[in-house]
Amino acid sequence: MMVAGDPSGDAIAADLARALSEALPGARFIGAGGPRMAEAGVANSFDLTADAVIGLSDPLKKLPRFFRHKRELTQLALAQKPELIILVDFSFFNHWLARAIRRRATPDWRPWMVKYVSPQVWASRPGRANKMALDFDLLLCLFPFEKDWYARRVPGFRVEFVGHPMFDRYPVPVRKPGQVPTVLLLPGSRRAELKRHLPVVVGAAQLISAQQPARFKLVAPSEKLAAAARASLSAGGPEIEIQLGGLEEALSEATIAIASTGTVTLECAYFGVPTVALYKTSPQTYWIGRQVVTVKYLSMPNILADEPLFPEFIQHEATSDNLARAALELLTNRARRIEIQSKLARVIATLGGPGAAKRAAKAILELAK
């Protein structure tokens, strides 16, 4: 049984399902996820990725729906009794689901429980690590420092570093920038992110175009988000090409990017694209985050490098003026871009290389022995 609740988790789960299918011919896969899991052979009971959320306030708005989803998936597990349950990312829901299933286990049925992708407990509320050790038999991590972190905090917890899936998604990153500088706009993969980020990102594009000839391209991961982006663009602003999918091609052509601080900043780093990062959330979520977050940076490339390779503008600092100023500094300073690309290459070299899904499948099978 596999469960993933957002687009990135859907892609990771799909890769793992294929790797497990190769290792376990005839195995049956059930659960809930998105279209990529379905393509990989998982019989999804429903599309959980349609309810992807961010921050703290968004889950509260959909709480009745998540109660229903938890009940449906718990019932599915009880009815089908899978030997193995793999919960991918989407921690607020998946940890809740893991506890619900654990409580219903019996002497005759106690499935192996695996969490794929560690929540950022090392960035806030580290006490969650102890609860995870009770809920899961195995944790699969994407970043090398995470295994050591858990070993210090919860020595008995089985944790494996398997590397980052993007190496398999984009086997050979290619750089082919055109004659005109291209600014790639990546405001987020969820509707709430798009709503908060798009106005300031478009405003930044307008300020950049007034000072520097540039081509602007916005990549949307779904047709719904592409349509929402088109509806938000006003007449008289800079010409922005909206592309549905095709992130690999867009990254290979980009001179720089303006992106939300999520997973996509690591993909920008992988392709060697100097990036200006932003993040805006609800006032309540931001206030709570300020109280509990202990890391210096939000972008993973900055965390891994322990320096601000990507300028970050969070909440009230995420203005069009700030984004445009930082973007223009990168566009007009080739030496700085080359310096950033060199440091990004060193960061990416630590992330395990190709084969993350196969290493994850191997760790899971070793557990099940």
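These figures come from a predicted structure and were not determined experimentally. Residues: numbered from 1 along the sequence shown.
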A.B. asks: Could you check if a side-chain atom of R336 sits within less than 4.5 angstrom of a side-chain atom of E329, using non-hydrogen atoms only?
C.D. replies: no

A.B. asks: Would I86 end up clustered with F161 when hydrophobic side chains under 4.5 Å apart are linked, directly or stepwise?
C.D. replies: no

A.B. asks: Verify side chain to side chain contact (heavy atoms under 4.5 Å, CB included) between L184 and V273, making sure each step is shown before the conclusion.
C.D. replies: CA-CA 9 Å; L184 186 60; V273 180; 5.8 Å; no

A.B. asks: Could you tell me the separation between the CG atom of L278 and the CZ atom of R196, rounded to the nearest 0.5 Å?
C.D. replies: 12.0 Å

A.B. asks: Any ion pair linking K296 and D306 (charged N to carboxylate O, less than 4.0 Å)?
C.D. replies: yes

A.B. asks: Can you confirm whether E83 is buried at CD, in the sense that more than 12 heavy atoms of other residues, nucleotides or ligands lie under 6.0 Å from that atom?
C.D. replies: no

A.B. asks: Return yes when atom NZ of K195 has more than 12 non-hydrogen atoms of other residues, nucleotides or ligands closer than 6.0 Å, and no otherwise.
C.D. replies: no

A.B. asks: Less than 6.0 Å separating the ring centroids of F167 and Y270?
C.D. replies: yes

A.B. asks: Go through the steps for Q120 and M300 under the test side chain to side chain contact (heavy atoms under 4.5 Å, CB included), then give the verdict.
C.D. replies: CA-CA 11 Å; Q120 294 182 350; M300 185 53 72; 3.9 Å; yes

A.B. asks: Of I101, V3, V117, D135, which is the lone residue that meets side chain to side chain contact (heavy atoms under 4.5 Å, CB included) with L87?
C.D. replies: V3

A.B. asks: After noting the C-alpha distance and the side-chain angles of L247 and L186, does the key distance pass the side chain to side chain contact (heavy atoms under 4.5 Å, CB included) rule?
C.D. replies: CA-CA 9 Å; L247 180 60; L186 302 167; 3.8 Å; yes

A.B. asks: How are the rings of F66 and F93 set relative to one another: parallel (under 30°), tilted (30 to 60°) or perpendicular (over 60°)?
C.D. replies: tilted

A.B. asks: How are the rings of F46 and H69 set to each other: parallel, tilted or perpendicular (split at 30° and 60°)?
C.D. replies: parallel

A.B. asks: Centres of the F90 and W96 rings: under 6.0 Å?
C.D. replies: no

A.B. asks: Taking the side chain as C-beta and beyond, is there a heavy-atom pair between Q211 and T332 under 4.5 Å?
C.D. replies: no

A.B. asks: Could you tell me whether W122 and F145 have their ring centroids closer than 6.0 angstrom?
C.D. replies: yes

A.B. asks: Classify the side-chain pair D6/S8 by whether it contains a donor and acceptor separated by less than 3.5 Å.
C.D. replies: yes

A.B. asks: What do you reckon, is CZ of R68 surrounded by more than 12 foreign heavy atoms closer than 6.0 Å?
C.D. replies: yes

A.B. asks: Tell me whether L78 is reachable from L84 by hopping between hydrophobic residues (I, L, V, M, F, W, Y) whose side-chain heavy atoms are closer than 4.5 Å.
C.D. replies: yes

A.B. asks: Indicate the atoms forming the closest heavy-atom contact of A269 with P301, along with that distance.
C.D. replies: CB-CG, 3.8 Å

A.B. asks: Heavy-atom count around E223 CD within 6.0 Å, excluding the residue itself: above 12?
C.D. replies: yes

A.B. asks: Looking at K131, I want to see if its NZ is surrounded by more than 12 non-hydrogen atoms of other residues, nucleotides or ligands under 6.0 Å.
C.D. replies: no

A.B. asks: One pair to check against side chain to side chain contact (heavy atoms under 4.5 Å, CB included): L328 and I208. What are the steps and the verdict?
C.D. replies: CA-CA 7 Å; L328 284 165; I208 294 167; 4.0 Å; yes

A.B. asks: Of R359, K115, K147, which is the lone residue that meets salt bridge (charged side-chain N to carboxylate O under 4.0 Å, His left out) with E160?
C.D. replies: K147

A.B. asks: Is L331 reachable from I338 through a run of I, L, V, M, F, W or Y residues, each pair having side-chain heavy atoms under 4.5 Å apart?
C.D. replies: no

A.B. asks: Give the minimum heavy-atom separation between L309 and I340, together with the two atoms involved.
C.D. replies: O-CD1, 3.8 Å

A.B. asks: Does atom NZ of K358 have more than 12 heavy-atom neighbours from other groups under 6.0 Å away?
C.D. replies: no

